[in-house]
S.K.: 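Here it is: the structure, laid out below.
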Amino acid sequence: MATAVVVTVNGLQYQVPNTYGEISLNEFLRKNLLLTGTKVMCREGGCGICVVYVEYPDPSQQGVVVQRSINSCLCPVLSCDGWSITTVEGTGNRVTPSPIQQQLTKHYGTQCGYCTSGMIMNMHGLTKKYNGSALTKQIVEDSFDGNMCRCTGYRPILDAFKTFASDSKPACHAVVDLEDISGQGPGVKCPTTGETCFGTCPKPHESQMAITNPINLQAASWDQPKTLTELYSRMAALAGKRLFLVAGHTSPGVYKDGPYDAYIDTKKISDLYLKRVASTTFIGANVTMTDTIDFFSQTATSNPRFSYLAAVAGHIKKIAGTPVRNAATWAGSLMLKRTHPEFPSDIFLCFEVANALITVQSSDTDKLVISPLALLTTNMDSPRRVITSAGFPGFDANVLFRLYKIMPRSQNAHALVNAAFRAQVDRSQPGKFVIGSPALIFGNITGSFNHATLTENYLKGKDIGDATVLAGALKILHDEIKADDVPAEATPAYKQSLSCSLFYKFALEIVGNSANSRFRSAVGSLSRPISSGTQDFPTNASNYPLTQPIPKLESLVQCTGEAKYISDTDSGTMLYAAFAVAERGNADIVKIDSTDAMKYPGVVKVLTAMDIPGVNNINPNANVDQEEALASAKALFAGQPVAVVVGSSQTAAEEGAKLVKVTYANAQTPILTCRDAIDAKSFFPSIPDMVIGDAPTAIKNAPSRVKGVLEIGSQMHFYMETQVVV
């Protein structure tokens, strides 16, 4: 077993010891290599500010290099063995910026700049994947579903990047030729050394620089077998241990199920990258969602019996964002659904509605071939089993597939309700649509509800074009859908109504033009056109350069990653801190126990209100009620800071904060809305009223008066730049 892996970053090679199993690529880049152009925020693959570009040998095709942009926050650095990684610093700098960095600057595409490096690297990956006429404005727009911006807005960013598209028309700035990019930067051979070019010539250095072990690192074991036989052996040897099989490693962005005793990296096992089309279409467990989309799309085009895979590919595009799909595997999503049955896995829906058969193995001889539904209850631990592949049958043209995902936004979101429907339709009798063997599959209803079995059984052999049959099916489905009441999600009644609406939409798809014309607008899906916009500068050109629009001074260094933010500060001797917060609101605090937190490696100190010198009050206005820095006797709301955990690393501080235990008493019903506060007479009497004019008299004498109540709900913040202080 190797004691280190070799990772190349911006042209320099590093030996990373195999004790770095808990260290992400993002942390390695920022803390070990001090490449702070790669930012960090959500650590869930949701914001896209941590995106980097990677190249690695394709395990299934010798001599082929995979080129991807991925989320560095989710990628373990040890899984990057043999990879070439490019960060924003490796693409250009303020002296010699890359064409991508120049275009974003010219299009005024930055404001705070915290998301910018992730945008740059995602576009960098696109220009590597596509060349010439292959890159279109639609591809550009679709590929930024995993990058968020909270201040500039997406119009100038997309305008800048669309200039690289073959179908872009010159507007404010000239269209950039992709060949201008391919002549420099990563992927091009240096004329002097013959090695891969990274834009700048590094200073002389050792062929490999060894990275030392960090202080207080929790060292779970890390292994990287090369064959399935080796994998089976290593899994068996770890019986009884908490084991994580690493492929995409995107599931920690959804559920934090660690820590683990051991990791096994499966990315070097070529058998797990199977892609084969025969009477059955086979796909290996380690095929990423991006490659699954491409493979299914190609198969659907070339083989009519697999045309339904186009709909499956379209639905997979709605999962997460592009950088996540570039790394995530379909098998990982199925296993996440198995571990967390409540997870609304779109992959599970797609594979279950397609009658896919999943192969799981613990050895070359122990092989189970089961449905995705059966996988959810299959023993995978004794013996230790792993998904190796999936097989998809072909279907005749009379089998209709439709998949739906209703979510809070059109991209990068979990479903409020997702559904997949399949029906074999007999149209041999004029005007009739007899259903055979239907499948009605739903997600995010309850952890145990997957198939609408009662409705499926009712529909078998019936004509869904008959209004009474359709009404009966809707009644049964309505009664069958009993969603869990989850406070942070849509109401059960909404999910129930939405599920019935999706099925009704499917029924209209089946009957087609036989339906009354007034109902046909529900058929199909809305297609959003490519976004567009203009920006005007109403200035007088005769006064230029006065009032002439120019990029702001700091925009270029934001695009090159050279702009430094407070969270980028690291003196090398710093300690880090994180808040431990109350889990209950409107309750008395009996005890704050830091025993377990102090045992976590790297935790230095836990501070509570008792450690604050002077007055425990962060409100400088003496006329306003006191607001404690750390709650001392009462937790006013869930999430209120009760302690500060100090550690040798940010990870140590944050993990330690989770281990602080608070004992509560006298818990009262929390006040959650303005209406609750009014009813409880919970006001801020010390804040003086702001009175301008004589409002009561003006209202009394107004010619028209409107009476009513306006209620404005709360909004969850999702700012990009982290709130931090040194």
Side-chain angles (χ1 to χ4, degrees), residues 1-5 16-25 27-28 74-81 213-214 216-269 271-272 285-286 327-329 331-341 343 358-368 370 375-388 596-597 599-603 651-652 654-656 658-659:
M1 185 185 302
T3 59
V5 302
V16 185
N18 61 8
T19 53
Y20 269 57
E22 301 284 351
I23 302 297
S24 70
L25 174 59
E27 186 174 352
F28 175 75
L74 295 176
C75 179
V77 66
L78 291 186
S79 71
C80 302
D81 186 26
N213 282 319
N216 299 319
L217 182 68
Q218 294 217 116
S221 66
W222 185 277
D223 199 359
Q224 193 176 64
K226 303 297 191 298
T227 67
L228 280 174
T229 301
E230 289 181 9
L231 174 61
Y232 302 146
S233 175
R234 307 288 168 78
M235 290 194 305
L238 291 167
K241 300 286 187 180
R242 281 182 55 80
L243 172 63
F244 193 100
L245 298 182
V246 177
H249 198 262
T250 56
S251 63
V254 185
Y255 295 101
K256 306 291 191 296
D257 290 333
Y260 294 93
D261 301 316
Y263 294 88
I264 297 180
D265 187 350
T266 65
K267 287 202 288 295
K268 295 291 179 73
I269 303 174
D271 288 340
L272 294 178
N286 272 12
T329 65
S333 180
L334 287 184
M335 287 303 295
L336 194 61
K337 173 71 173 176
R338 182 185 176 278
T339 305
H340 297 275
F343 176 59
I358 311 300
T359 300
V360 298
Q361 295 180 246
S362 66
S363 69
D364 294 331
T365 56
D366 175 39
K367 178 186 294 187
L368 299 178
I370 54 179
L375 175 70
L376 303 184
T377 55
T378 296
N379 177 15
M380 299 287 284
D381 299 316
S382 181
R384 276 256 165 84
R385 292 188 171 100
V386 61
I387 297 175
T388 56
D596 291 342
K599 292 178 182 178
Y600 191 88
V603 171
T651 299
E654 292 176 1
E655 293 301 318
K658 299 174 185 176
L659 299 175

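Keep in mind it's a predicted model, so treat the numbers as computed, not measured.
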S.K.: Is a side-chain donor or acceptor of Arg385 paired with a backbone partner of Asn379 at a separation under 3.5 angstrom?
M.R.: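 Looks like yes, one N/O pair under 3.5 Å.
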S.K.: Count the heavy atoms belonging to other residues, nucleotides or ligands that lie under 6.0 Å from NZ of Lys256, then report whether that count exceeds 12.
M.R.: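 For Lys256, atom NZ is crowded (more than 12 foreign heavy atoms under 6.0 Å).
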S.K.: Taking atom NZ of Lys226 as the centre, report whether more than 12 heavy atoms of other residues, nucleotides or ligands fall under 6.0 Å from it.
M.R.: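 Yes, enclosed.
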S.K.: Is the Phe28 ring parallel, tilted or perpendicular to the Tyr20 ring (thresholds 30°, 60°)?
M.R.: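 The arrangement is perpendicular - the two ring planes meet at more than 60°.
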S.K.: With a 3.5 Å cut-off and no angle check, do the side chains of Thr227 and Thr229 form a donor-acceptor pair?
M.R.: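 No donor-acceptor contact under 3.5 Å links the two side chains.
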S.K.: What distance separates Ile264 CD1 from Phe244 CZ, expressed to the nearest 0.5 Å?
M.R.: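 One gets 12.0 Å once the value is rounded to the nearest 0.5 Å.
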S.K.: Asp271 and Thr388: side-chain donor and acceptor closer than 3.5 Å?
M.R.: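 No - no donor-acceptor pair under 3.5 Å links their side chains.
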S.K.: What verdict does the side chain to side chain donor-acceptor pair (under 3.5 Å) test give for Ser221 and Asp261, after you've listed the backbone C-alpha separation in whole Å, the side-chain angles of each residue and the deciding distance to 0.1 Å?
M.R.: CA-CA 7 Å; Ser221 66; Asp261 301 316; over 6 Å; no
S.K.: Where do Val246 and Pro76 come nearest, in terms of heavy atoms and distance?
M.R.: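 In terms of heavy atoms, the two residues are closest at CG1-CG, 4.3 Å.
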S.K.: Flag the pair Leu78 / Gln224 as yes when at least one side-chain heavy-atom distance between them is below 4.5 Å, and no otherwise.
M.R.: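 Result no, sub-4.5 Å side-chain heavy-atom pair not found.
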S.K.: When you check the side-chain N and O atoms of His249 and Asp265, is any donor under 3.5 Å from an acceptor?
M.R.: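 The answer is no; no qualifying pair exists.
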S.K.: With a 4.5 Å heavy-atom cut-off, do Met335 and Met380 have their side chains touching?
M.R.: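 The answer is yes; the side chains approach within 4.5 Å.
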S.K.: Looking at CG of Leu368 and CD of Gln361, how far apart are the two atoms once the value is rounded to the nearest 0.5 Å?
M.R.: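 The distance works out to 9.0 Å.
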S.K.: Can you find a pair of side-chain heavy atoms, one from Thr378 and one from Ile358, that are under 4.5 Å apart?
M.R.: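 Not in contact.
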S.K.: Can you give me the closest heavy-atom contact between Cys80 and Cys75, atom names plus distance?
M.R.: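 Smallest heavy-atom distance, with atoms named: SG-SG, 3.5 Å.
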S.K.: May I ask you to check whether Tyr263 and Glu22 show a side-chain donor-acceptor distance below 3.5 Å?
M.R.: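 Per modelled atom types, Tyr263 and Glu22 side chains form a pair under 3.5 Å.
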S.K.: Would you check, one step at a time, whether the test salt bridge (Lys or Arg N to Asp or Glu O under 4.0 Å) holds for Asp257 with Arg242?
M.R.: CA-CA 10 Å; Asp257 290 333; Arg242 281 182 55 80; over 6 Å; no
